[in-house]
Number of protein chains: 2
Amino acid sequence: MSQGNSCVSVVGQQARACTVREALDRVGGKWSVGILVAASQGPVRFTELERQVEGISRRMLTLTLRNLERDGLLHRRVYPTVPPKVEYTATPMALELYESLVTLTAWAERHRAAITEARAAYDREHADWTGSRAD
Amino acid sequence: MSQGNSCVSVVGQQARACTVREALDRVGGKWSVGILVAASQGPVRFTELERQVEGISRRMLTLTLRNLERDGLLHRRVYPTVPPKVEYTATPMALELYESLVTLTAWAERHRAAITEARAAYDREHADWTGSRAD
DNA sequence: CGGGATCCAGTTGGATACTG
DNA sequence: CAGTATCCAACTGGATCCCG
């Protein structure tokens, strides 16, 4: 969510990293993907999102929605009824982004086990024994 | 960097979002990608990283390295010399991840202009005029 | 119903000093 | 050289109240 991207004045290989960050800064947020996924299925209302994206607070939902809207990933449609009705829809650009994420999803699935094991191994090794052996 | 991933007990479409998050949680950090990119070129030392990943602090470099190592994305090799020498190398899994990120990079490049414009438009519209027109 | 405003706790992350 | 430890500022995010 932080927009302070210092991709300027970066040279060489790190320039690649910056471009990646541009994308990550938009979906890196804890809730962005969840919202995007929900909105990709079709227009979705505020309260629906609140239910579908489990664990999100009202505040974060609003904030994330605003950011996604600002970046042109969501379109917000307000029906001037009472009580009010607001629908969020994923833009074509967002759908493309979603498609791009499947590669990442595939990677995560492919290596899920390996990562879990790597962590276990690391934690085993670095078990932080302050007691180094009491004879 | 936060490991508190609540991918459990989530149903339906949101399960997809969770898998994506698994991947994002590993590269979502502000510095992960920068380090990964640098390490993908071959073994790289601590101080080299500190220079190549511009703007990173010593603390964050250490922390991010530890996380990447723990997830099995980096291999850490220590040479018992004096002064000490430590080399970080991207694992095959990390290289695959890097490959997966190019899709995202492509997306970012493709829509960079559109996003910038979307933001400008949004900011223009929500310029927070408390003064609604003084005719 | 769909949010905005506010308050506050927890976390992130930079700067710096110290160590083997 | 390659970290670790500490302090502190900024940001994140939940809870709550209010409003159209």
Side-chain angles (χ1 to χ4, degrees), chain A residues 1-6 21 24-25 27-32 34-35 38-39 43-70 74-89 126 128 130 132, chain B residues 1-6 21 24-35 38-39 43-70 74-89 122 125-130 132:
Chain A
M1 241 69 107
S2 62
Q3 245 54 276
N5 197 337
S6 54
R21 287 238 97 271
L24 289 178
D25 280 346
V27 288
K30 194 175 180 180
W31 309 105
S32 309
I35 294 177
V44 63
R45 300 183 57 175
F46 189 87
T47 338
E48 280 182 79
L49 283 168
E50 207 172 354
R51 271 192 304 271
Q52 285 191 46
V53 185
E54 295 198 25
I56 195 171
S57 69
R58 238 223 216 47
R59 197 179 99 98
M60 283 317 292
L61 180 54
T62 305
L63 284 179
T64 312
L65 284 173
R66 290 296 162 270
N67 279 322
L68 292 173
E69 189 196 352
R70 187 168 104 104
L74 286 186
H75 177 245
R76 180 170 178 266
R77 181 164 197 178
V78 185
Y79 298 86
T81 58
V82 41
K85 173 177 173 180
V86 179
E87 272 179 359
Y88 292 92
T89 320
H126 299 74
D128 188 52
T130 319
S132 44
Chain B
M1 240 71 107
S2 62
Q3 245 54 276
N5 199 338
S6 54
R21 287 239 94 269
L24 290 178
D25 279 345
R26 256 150 232 115
V27 289
K30 194 174 180 181
W31 308 105
S32 309
V33 175
I35 294 178
V44 63
R45 300 182 57 177
F46 190 87
T47 337
E48 279 182 80
L49 283 169
E50 205 172 355
R51 271 192 304 271
Q52 284 191 46
V53 185
E54 294 197 27
I56 195 171
S57 69
R58 236 217 214 54
R59 196 178 101 98
M60 284 317 292
L61 179 53
T62 305
L63 284 179
T64 311
L65 283 173
R66 291 294 165 272
N67 279 322
L68 293 173
E69 189 196 350
R70 186 168 105 105
L74 284 186
H75 177 244
R76 180 169 178 265
R77 180 165 198 177
V78 185
Y79 297 87
T81 59
V82 40
K85 174 177 171 178
V86 179
E87 272 180 359
Y88 293 91
T89 319
Y122 184 96
E125 211 122 352
H126 299 76
D128 191 50
W129 327 62
T130 318
S132 44

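Every value quoted in this text rests on a predicted model; they were computed, and no experiment measured them. Scope of the values below: all heavy atoms of this structure, side chains included, with no hydrogens, waters or symmetry mates. First the proteins, then the strands, lettered A, B, ... as listed; each starts at 1.
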A:Tyr88 near the nucleic acid: base, sugar-phosphate alone, or nothing, with a heavy-atom cut-off under 4.0 Å?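 A:Tyr88: backbone/sugar contact only, no base atoms under 4.0 Å.
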
Hey, does A:Thr62 reach any base, or is it just sugar-phosphate, or nothing, if we go heavy atoms under 4.0 Å?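 Sugar-phosphate, backbone atoms only, no base.
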
Return the value, rounded to whole Å, for the distance between atom [atom1] of [X] and atom [atom2] of [N].
| X | N | atom1 | atom2 | value |
| --- | --- | --- | --- | --- |
| A:Lys85 | C:dC1 | NZ | C1' | 12 Å |
| B:Glu48 | D:dG3 | CD | P | 13 Å |
| B:Phe46 | C:dG20 | CZ | P | 17 Å |
| A:Glu54 | D:dG13 | CD | C1' | 18 Å |
| A:Arg66 | D:dG13 | CZ | P | 17 Å |
| A:Leu63 | C:dT6 | CG | C1' | 13 Å |
| B:Glu50 | C:dG13 | CD | P | 17 Å |
| B:Leu61 | D:dA2 | CG | C1' | 10 Å |

Is it the case that the side chain of [X] and the backbone of [Y] share a donor-acceptor pair, with hydrogens and angles ignored and the cut-off at 3.5 Å?
| X | Y | result |
| --- | --- | --- |
| B:Arg70 | B:Leu65 | no |
| A:Thr64 | A:Met60 | yes |
| B:Arg21 | A:Lys30 | yes |

Residue A:Arg45, side-chain atoms from C-beta onward, closest of C:dG3, C:dC1, D:dC1: C:dC1

Are [X] and [Y] side-chain neighbours, meaning at least one heavy-atom pair lies under 4.5 Å?
| X | Y | result |
| --- | --- | --- |
| A:Ile35 | A:Ile56 | yes |
| B:Leu63 | B:Trp31 | no |
| A:Leu24 | B:Val33 | yes |

Can you give me the closest heavy-atom contact between B:Gln52 and B:Val44, atom names plus distance?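 Nearest pair, atom of B:Gln52 first, then B:Val44: NE2-CG2, 4.1 Å.
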
What pairs of nitrogen or oxygen atoms, one from the protein and one from nucleotides 14-20 of chain D, lie under 3.5 Å apart?
{"residue": "D:dG14", "atom": "OP2", "partner": "A:Ser57", "partner atom": "OG", "Å": "2.9"}
{"residue": "D:dG14", "atom": "N7", "partner": "A:Arg59", "partner atom": "NE", "Å": "3.2"}
{"residue": "D:dG14", "atom": "O6", "partner": "A:Arg59", "partner atom": "NE", "Å": "3.0"}

